[in-house]
Amino acid sequence: MKASDLHVKCLEREGIELIFGVPGEENADFMMSLRNSSIRFVLTRHEQGAAFMAEVYGRLTGNPAGCLGTLGPGATNLITGVADGNMDRAPMLVLTGQAATTRQHKESHQVMDVVDMYEPVTKWAVSVQHPDNIPEMVRKAVRMARGEKPGAVLIELAEDMAKREAGEGCKPMEPRRFRRPAPDDKIMDNAWRLIRAAKHPIIIAGNGTIRKRASKQLRQFCEATGIGVLSTFMAKGAVDRDAEHCLFTIGLQQKDYPSFAIEEADLVITLGYDLVEYPPRLWNPDGDKCIVHLDFLPAEIDIHYHPRVECVGDLAHALWMLNERVARDGPGDHDFSLQRHMRAKMLDDFAVHKDDDTEGCIRPQKALWDVREALGPNDLLLSGVGAHKMWIGRYYQCNEPNSCIIPNGFCSMGLPLPGAIAASLIQKDRKVLGIAGDGDFMMNVQEMETARRLDCDLTMLVWEDGGYGLISWKQENEFGTHTDLSFNNPDWMTLANAFGWQGQYVKNARDLRPALDKALAHKGPSLVVMPVDYRENRLLTKRLGEIEITI
C-alpha cells in the first residue's frame, strides 16, 4: 500500500471526519488518497481559517479534526490557529507536507524545519521517516491529541515519503480507549473534610468542567451543597445560568462583583482550572487562600496557586466521589449570603440596558441582552478577541456547556467566522452566531466565500468601531491616552452582497433584536453589523474599580 493511502486509512480508522485546509504540490499524493476516503475535505481560503475550524470542531466534539497545509508558507500560515487551539485545549491534528527527503539537508526552495517550529505549540510534532511507522504514529497522535489536557499534534509527510510503498501486511492499528485513573480515596477524604468544614467555600470552574460528564457531576454537587460557582471564560455553561449557585463569570482584571465573593471565601475549590485563562495572582494576590485542586493533572507551580490538597485524576469521577460523600455525610454548615447577594447584583446589572433606545450606536450591554434573548439554551455563540470579548465574558451567560466558545488561552484574533463555519457543518440542530469586532472579522474575511460555497447556516454579528478598541482601552487606562489605532472599513452591505450573504446594517438599538431574528431564521450565511458604543468601556472599568458592596 502506498504511504499516503495508508496514512488516510489510519485516519479513517481513528474516526476522523473532517480535514480543513489548503493543499499544495508537496501533499498532492495525500489529497489523491483522501478523494477515495470517507473523510470530508473542506477547502478553505487561508490556512489560519482551517486551523480555527479544526479547533472549534475539537472543542465542540472532544475529538480531533485535521487542518492541512503544505510546506513552508502553508505551515507558517497554520501555526497561529494551531497555537490557539493547543492552548485552549482543543484536540486537533496538524497535517503538513514537506520537501522530498533528498533536499531537506540543504538550502532549498520553501524548505524549513516545520517540526522544530511546531514543538512549542503542540503536544507532539513528528515527521514520518518510514511508511511502516505511519500506523503507530497516527495512533499515538490521536491518543495524545485526545488525552488530558487535549491539544494539537503535528504529523509531517514529505512528498517522496508519501509515494513510497509500506511493507506487506502494514495496516491501521485498532483504536483502544483506556479509563483515566481516579484520585486516591484518602486524598478525596482530605479534600472533603476541608470542604465540609468551610464556612464560605466557593468553586472556580475552569475549561475542564465543560466535559459533559464533569458538568453533570458538578451540577449535582452544587445542588446538594449550595456552593456557588464562578466560571472562567472557557467554562461558561458548566452550571446553568438560572441556578441559584451560578455566580457567573470571573476573568476581568478589574475588581468585579465575583471578586468580593472570592475575597470572603475561606476555601477555594478549583475544578479543571487553567492558569492560562485567569492567573491566580488576580484572585489570590497574597497567596494565602486555602485551595483544593481537582483536575486531570497536578497543579502548575505558581506562588499564588499552592493548593492545600490536590486531587489528581478524572475530573468527573472526582466529583462523583465528592457526591458520594455529600450523600453520606450531608453538605456541612455553610453561609452563602454574600454569594447570593452578588448573584442578585449581577442579575440587576445584566438588565440595566435591556430597554435601551439609543440611535446611531448601540451599547454592548444592550447588544448582548438581545443576543441572549434571540438564542436558545442550546444554541452556540462564538466570540472573537477584542473589547467585545470582555463584554461577552461578563454579560453573556449560558445554560449548557459548550454553548459559548471564547479563545482565552492563546487569545488569537480571527476565530469567530471560521469557527462558525465548522460549527454549522457538524451541529445543524443549533443556531450558530459569531460575534467579532471589525478588526477581528477582517482578519479572516476571505472565509465568507467558504461559508457561501458550503451554504453554511450561520450569522456573524460585527461590532464596528473603526479601530482596535481593546488596545486603545488599555492604553487609556495606563497612560491616559492612546496611539493611533483607527482604520477604515468596507461598505458592509456591498461586502455581504459580493459574497452572496444576507446583510443588515443596524444603527438603532430598537432594531437590533428584529435584525438578529431575521438573520438567525435565514437559511444560509447572514451578516449583521452594528456601530458599537465603546464609550462604555471606560464606564465599565470605573464601575468595577469603585464599587461598594453593602448587604
Side-chain angles (χ1 to χ4, degrees), residues 59 84 87-90 149 202-210 215 218 228-239 241 245-263 265 268-285 289 291 295 300 302 304-305 339 342-343 345-347 349-350 364-365 368 371-372 381-398 401-413 415-416 435 437 440 469-471 473-474 477 536-537 540-545 547:
R59 289 179 67 174
D84 195 75
M87 199 169 282
D88 283 356
R89 318 306 186 194
K149 295 184 176 183
I202 197 167
I203 292 169
I204 296 179
N207 195 14
T209 57
I210 59 170
S215 176
L218 172 59
V229 178
L230 291 165
S231 297
T232 64
F233 283 18
M234 292 200 292
K236 285 176 176 291
V239 293
R241 69 185 176 115
H245 49 261
C246 179
L247 304 180
F248 307 114
T249 312
I250 190 167
L252 292 172
Q253 294 188 14
Q254 293 81 14
K255 198 167 195 177
D256 196 1
Y257 293 112
S259 303
F260 293 93
I262 292 184
E263 284 182 4
V268 179
I269 308 160
T270 62
L271 306 174
Y273 165 64
D274 275 336
L275 275 66
V276 297
E277 281 201 85
Y278 189 56
R281 62 180 170 78
L282 296 177
W283 57 267
N284 188 23
K289 287 293 180 187
I291 299 169
D295 202 2
E300 174 73 14
D302 188 294
H304 299 282
Y305 190 74
Q339 292 183 19
M342 294 301 98
R343 175 178 165 82
K345 286 279 191 182
M346 290 287 285
L347 286 171
D349 194 40
F350 292 158
Q365 303 97 311
L368 291 170
V371 167
R372 181 64 276 180
L381 173 71
L382 300 100
S383 171
V385 171
H388 61 285
K389 186 189 87 167
M390 309 308 291
W391 287 100
I392 291 168
R394 189 175 192 276
Y395 279 88
Y396 188 85
Q397 307 301 329
C398 301
N402 270 323
S403 58
C404 182
I405 299 291
I406 299 178
N408 204 42
F410 195 66
C411 286
S412 172
M413 297 173 71
L415 176 138
I435 297 182
D440 189 301
L470 180 61
I471 304 304
W473 177 10
K474 293 195 172 188
N477 282 343
E536 292 291 304
N537 289 350
L540 176 64
T541 307
K542 180 180 179 181
R543 180 164 62 249
L544 296 177
I547 190 169

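- Nearest approach of I202 to A265, heavy atoms of both residues: CG2-CB, 3.6 Å.
- The structure places SG of C404 at 7.5 Å from CG of L382, a figure rounded to the nearest 0.5 Å.
- Shown here are the side-chain contact (heavy atoms from CB on, under 4.5 Å) partners of M346, two or more places apart in sequence or in another chain: F248, D256, Y257, P258, F350, R394.
- Shortest non-hydrogen contact noted between Q397 and R241 is O-CD, 3.4 Å.
- Note that CG of L415 and NZ of K389 are 11.0 Å apart. Values are rounded to the nearest 0.5 Å.
- Residues satisfying the ring pair (Phe, Tyr, Trp, His ring centres under 6.0 Å) test with F410, not counting sequence neighbours, are none.
- D295 has its side chain within reach of K149: a pair of non-hydrogen atoms, C-beta onward, lies under 4.5 Å apart.
- Contact annotation: the side chain of L218 approaches that of I203 to within less than 4.5 Å [non-hydrogen atoms, C-beta and beyond].
- Applying the salt bridge (charged side-chain N to carboxylate O under 4.0 Å, His left out) rule to R89 yields the partners D274; only residues at least two apart in sequence or on another chain are considered.
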Subject >> side-chain contact (heavy atoms from CB on, under 4.5 Å) between I204 and I262, intermediate numbers included >> reply: CA-CA 9 Å; I204 296 179; I262 292 184; 4.0 Å; yes
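- Once rounded to the nearest 0.5 Å, the distance linking CG of L230 with SG of C246 reads 8.5 Å.
- Residues V268 and N284 are not in side-chain contact: their nearest non-hydrogen atoms beyond the backbone lie 4.5 Å or more apart.
- Annotation for R372 and C398: closest pair NH1-CA, 3.8 Å, computed over non-hydrogen atoms.
- Considering all non-hydrogen atoms of both residues, V276 and M87 come closest at CG2-O, 4.0 Å.
- The shortest distance between side-chain heavy atoms of D440 and H388 falls below 4.5 Å.
- Among all heavy-atom pairs drawn from G237 and S215, the shortest one is O-OG, 4.1 Å.
- Rounding to the nearest 0.5 Å gives a distance of 8.0 Å between CG of L368 and CG of L381.
- Considering CE of M342 and CZ of F260, their distance stands at 7.5 Å, rounded to 0.5 Å.
- F233 has its side chain within reach of T249: a pair of non-hydrogen atoms, C-beta onward, lies under 4.5 Å apart.
- The line from OG1 of T232 to CG of N408 is 7.0 Å long, rounded to the nearest 0.5 Å.
- Ring geometry for W283 against Y305 counts as perpendicular: the plane angle is over 60°, on a 0 to 90° scale with 30° as the lower cut.
- Using a 4.5 Å heavy-atom threshold, the side chains of D88 and I405 count as separate.
- Annotation for L275 and P280: closest pair CG-CD, 3.8 Å, computed over non-hydrogen atoms.
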